[in-house]
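Presented below is the structure to which this report refers.
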Amino acid sequence: MDSLQQRSSTVQAPPAAVAYRPTPPPAWQPRTDPAPLLPDASPFRVIGTDAMADVDRELLLRLYAELVRGRRYNAQATALTKQGRLAVYPSTTGQEASEVAAALALQEQDWLFPSYRDTLAAVARGLDPVQALTLLRGDWHTGYDPREHRIAPLSTPLATQLPHAVGLAHAARLKGDDVVALAMVGDGGTSEGDFHEALNFAAVWQAPVVFLVQNNGFAISVPLAKQTAAPSLAHKAVGYGMPGRLVDGNDAVAVHQVLTEAVARARRGGGPTLVEAVTYRIDAHTNADDATRYRGESEVEAWRAHDPIRILERDLTERGVLDEDGVREAAEAAETMAARLRERMNADPVLDPMDLFAHVYAEQTAQLREQAAQLRAELDAESEA
């Protein structure tokens with residue numbers, strides 16, 4: 001018994017004291033120097049600065065024309081909701097600079113991952129204006145072929161497109177494809193778990209993806225201050241180990257420059273970037289929203305003075321890059337687009353119920369084939385009655 005107690009006492013004896021360490025062990029040391037990842041203290045701007053003199057003239061005129069067309073597109077789409085031709089439309093009036101710059105910063109082989117509000121970015125990338133509205137009209141889930149246009153479906157669930165963008169970009173890098181993904185999200189989407197998961201995976205994998213947050217002030221009626229206490233949304237990038245950039249979202253030239261640099265960085269293997277474009281949603285959240293319930297008109301008017309079209313037009317006119325003929329041509333082109341959009345949207349679509357079974361699987365399952373046959377029989381019976 002004494003021997004057993006002695007062995008038990010030996011086993012239970014506390015280990016020798018470990019010397020106190022005043023600092024954590026070396027494994028704690030940061031993996032990344034945070035200083036280069038921090039965004040600027042104030043949003044980056046180009047319009048109204050000497051840097052405008054170095055910007056390509058053709059790019060400036062292209063940006064201006066796209067902004068004017070985008071403003072008219074927003075107005076026409078909003079009008080279509082009042083005529084019953086669209087179920088809903090989330091306008092980007094006031095945010096056109098970020099929308100256009102996102103589209104123009106990409107190369108043809110790159111992918112755009114838009115949210116439901118980013119129809120204008122899709123159109124600026126070359127998508128047919130009617131196809132961009134098909135989802136909001138209720139005809140199809142997606143009115144275009146994503147692979148053909150390299151534009152992912154407009155995402156109505158908040159931020160779910162961000163992990164998809166990371167997955168595509170990571171897969172492209174593994175395959176050796178020269179592809180960058182640009183994912184767009186609103187400030188409200190940064191409160192979703194998908195946002196954080198996407199940024200973490202993108203940084204760990206060093207995926208060639210750029211995240212563009214359009215901070216337009218409100219997540220429907222919730223102001224940014226009630227969503228985050230961070231100095232800016234761009235600061236969130238540091239926690240994931242990627243650079244954060246803060247840019248004036250109404251300065252089309254600045255947004256284009258920042259996004260172009262981020263895309264180029266991703267393309268050469270530098271990994272992801274989080275860009276916050278500080279802008280404002282002049283119109284309501286959608287045509288179904290009453291924005292006067294949560295913000296004052298004085299706030300809206302203050303942002304109207306920083307209108308993306310007005311500030312670019314003023315600068316280009318003062319520099320002699322844009323004249324009255326150029327302003328008129330841009331307006332006329334935008335009006336032609338709106339008239340054509342109006343005409344095509346006023347025509348009732350021809351829908352085939354059998355399309356319910358198309359584009360679900362590459363090869364239909366037995367169950368789908370059975371359901372399709374049943375519907376076909378019912379349609380044939382109705383036509384013969």
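All figures in this text were calculated on a predicted structure; none of them were measured in a lab.
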Nearest-0.5 Å distance that lies between atom CD1 in I151 and atom CG in L182: 11.5 Å
Shortest non-hydrogen contact between A207 and H170, atoms and distance: CB-N, 4.2 Å
Side chains of M354 and L379 in contact at under 4.5 Å (non-hydrogen atoms): yes
Min side-chain heavy-atom separation W303-N250 under 4.5 Å: yes
Pairwise side-chain contact, L162 with E192, heavy-atom cut-off 4.5 Å (strictly under): no
Main-chain N/O of P129 paired with Q131 side-chain donor or acceptor, under 3.5 Å: no
E313 CD to D315 CG distance, which is reported to the nearest 0.5 Å: 11.0 Å
Sidechain-backbone polar pair: D110 side chain, V180 backbone, donor-acceptor under 3.5 Å: yes
Side chains of P272 and W205 in contact at under 4.5 Å (non-hydrogen atoms): no
CD (E301) with more than 12 external heavy atoms under 6.0 Å: yes
side-chain hydrogen bond (donor to acceptor under 3.5 Å, both in side chains) contacts touching residues 219-234 (sequence neighbours left out): D187-Q227, S191-Q227, T228-K236, S232-H235
Verdict with reasoning, R295 to R281, per side chain to side chain contact (heavy atoms under 4.5 Å, CB included): CA-CA 11 Å; R295 68 182 187 187; R281 193 190 71 217; 4.1 Å; yes
Worked verdict on L375 versus F357 for side chain to side chain contact (heavy atoms under 4.5 Å, CB included): CA-CA 10 Å; L375 178 59; F357 306 99; 3.5 Å; yes
CG-CD distance between L86 and Q76, expressed to the nearest 0.5 angstrom: 9.5 Å
Single-linkage hydrophobic cluster L112~V258, side-chain heavy atoms < 4.5 angstrom: yes
Enclosure of Q83 CD (heavy-atom neighbours >12, cutoff 6.0 Å): yes
Stepwise side chain to side chain donor-acceptor pair (under 3.5 Å) check, Y280 with E299: CA-CA 10 Å; Y280 195 77; E299 177 180 315; 2.6 Å; yes
Student check: side-chain heavy atoms of V247 and P43 closer than 4.5 Å: no
CA sep, side-chain torsions, deciding dist, call: N74, T92, side chain to side chain donor-acceptor pair (under 3.5 Å): CA-CA 7 Å; N74 277 317; T92 50; 3.0 Å; yes
Under 3.5 Å donor-acceptor, N346 side chain and R342 backbone: yes
Set of residues satisfying side-chain hydrogen bond (donor to acceptor under 3.5 Å, both in side chains) with respect to D251, sequence neighbours excluded: none
By side-chain hydrogen bond (donor to acceptor under 3.5 Å, both in side chains) - contacts of S155 (at least two apart): T160, Q161
Neighbour count >12 (heavy atoms, 6.0 Å) for atom CG, D50: no
Salt bridge D307-R304, side-chain N to carboxylate O under 4.0 Å: no
Heavy-atom check, side chain of P36 versus side chain of P243, under 4.5 Å: no
Any donor-acceptor N/O pair, D145 side chain to R147 backbone, under 3.5 Å: yes
Derivation and outcome, side chain to side chain donor-acceptor pair (under 3.5 Å), residues D289 and Y294: CA-CA 11 Å; D289 173 44; Y294 53 83; 2.6 Å; yes
Value rounded to 0.5 Å, distance of OG1 in T286 from CD1 in I220: 8.0 Å
Pairing of R62 and E66 as salt bridge, 4.0 angstrom limit: yes
Check: N287 and K82 side chains under 4.5 Å, non-hydrogen atoms: no
For the student: nearest non-hydrogen atoms of A181 and A169, plus distance: CB-CB, 4.1 Å
Residues clustered with L158, ILVMFWY side-chain links under 4.5 angstrom: Y116
Side-chain donor or acceptor of D323 paired with backbone N/O of G326 under 3.5 Å: yes
Pairwise distance CG(L259) to CD(E261) - rounded to 0.5 angstrom: 9.5 Å
Single-linkage hydrophobic cluster, 4.5 Å side-chain cutoff, L154 and F113 together: no
CZ (F201) with more than 12 external heavy atoms under 6.0 Å: no
Q214 versus S98, closest heavy-atom pair with distance: OE1-CB, 3.3 Å
Partners meeting side-chain hydrogen bond (donor to acceptor under 3.5 Å, both in side chains) with D248 (sequence neighbours left out): R45, H306
Gap separating the CG atom of L60 from the CG atom of L312, nearest 0.5 angstrom: 7.0 Å
Residue pair P163 / D194, side-chain heavy-atom distance below 4.5 Å: yes
Main-chain N/O of T190 paired with H196 side-chain donor or acceptor, under 3.5 Å: yes
Aromatic plane relationship, Y89 with Y73 - under 30° parallel, 30 to 60° tilted, over 60° perpendicular: perpendicular
Main-chain N/O of L233 paired to E276 side chain as donor or acceptor, under 3.5 Å: yes
Steps toward side chain to side chain contact (heavy atoms under 4.5 Å, CB included) verdict (V100, R69): CA-CA 10 Å; V100 168; R69 185 173 75 140; over 6 Å; no
Ion pair D348/R85, N-O distance below 4.0 Å: yes
R72 with E335: basic N within carboxylate O range, under 4.0 Å: yes
From CA spacing to verdict: side chain to side chain contact (heavy atoms under 4.5 Å, CB included), M242, T273: CA-CA 6 Å; M242 70 178 69; T273 302; 5.8 Å; no
Qualifying side-chain hydrogen bond (donor to acceptor under 3.5 Å, both in side chains) pairs with a residue from residues 364-377, counting only residues at least two apart or across chains: none
D178/R267 ion pair, N-O < 4.0 Å: yes
R137 side chain to M345 backbone, donor-acceptor under 3.5 Å: yes
Donor-acceptor pair, side chain of R265 and main chain of G271, under 3.5 angstrom: yes
Same apolar cluster: V179 and L106, side chain cutoff 4.5 Å: no
Under 3.5 Å donor-acceptor, T93 side chain and D283 backbone: no
W140 with V130, same ILVMFWY side-chain cluster at under 4.5 Å: no
Same apolar cluster: L104 and L67, side chain cutoff 4.5 Å: yes
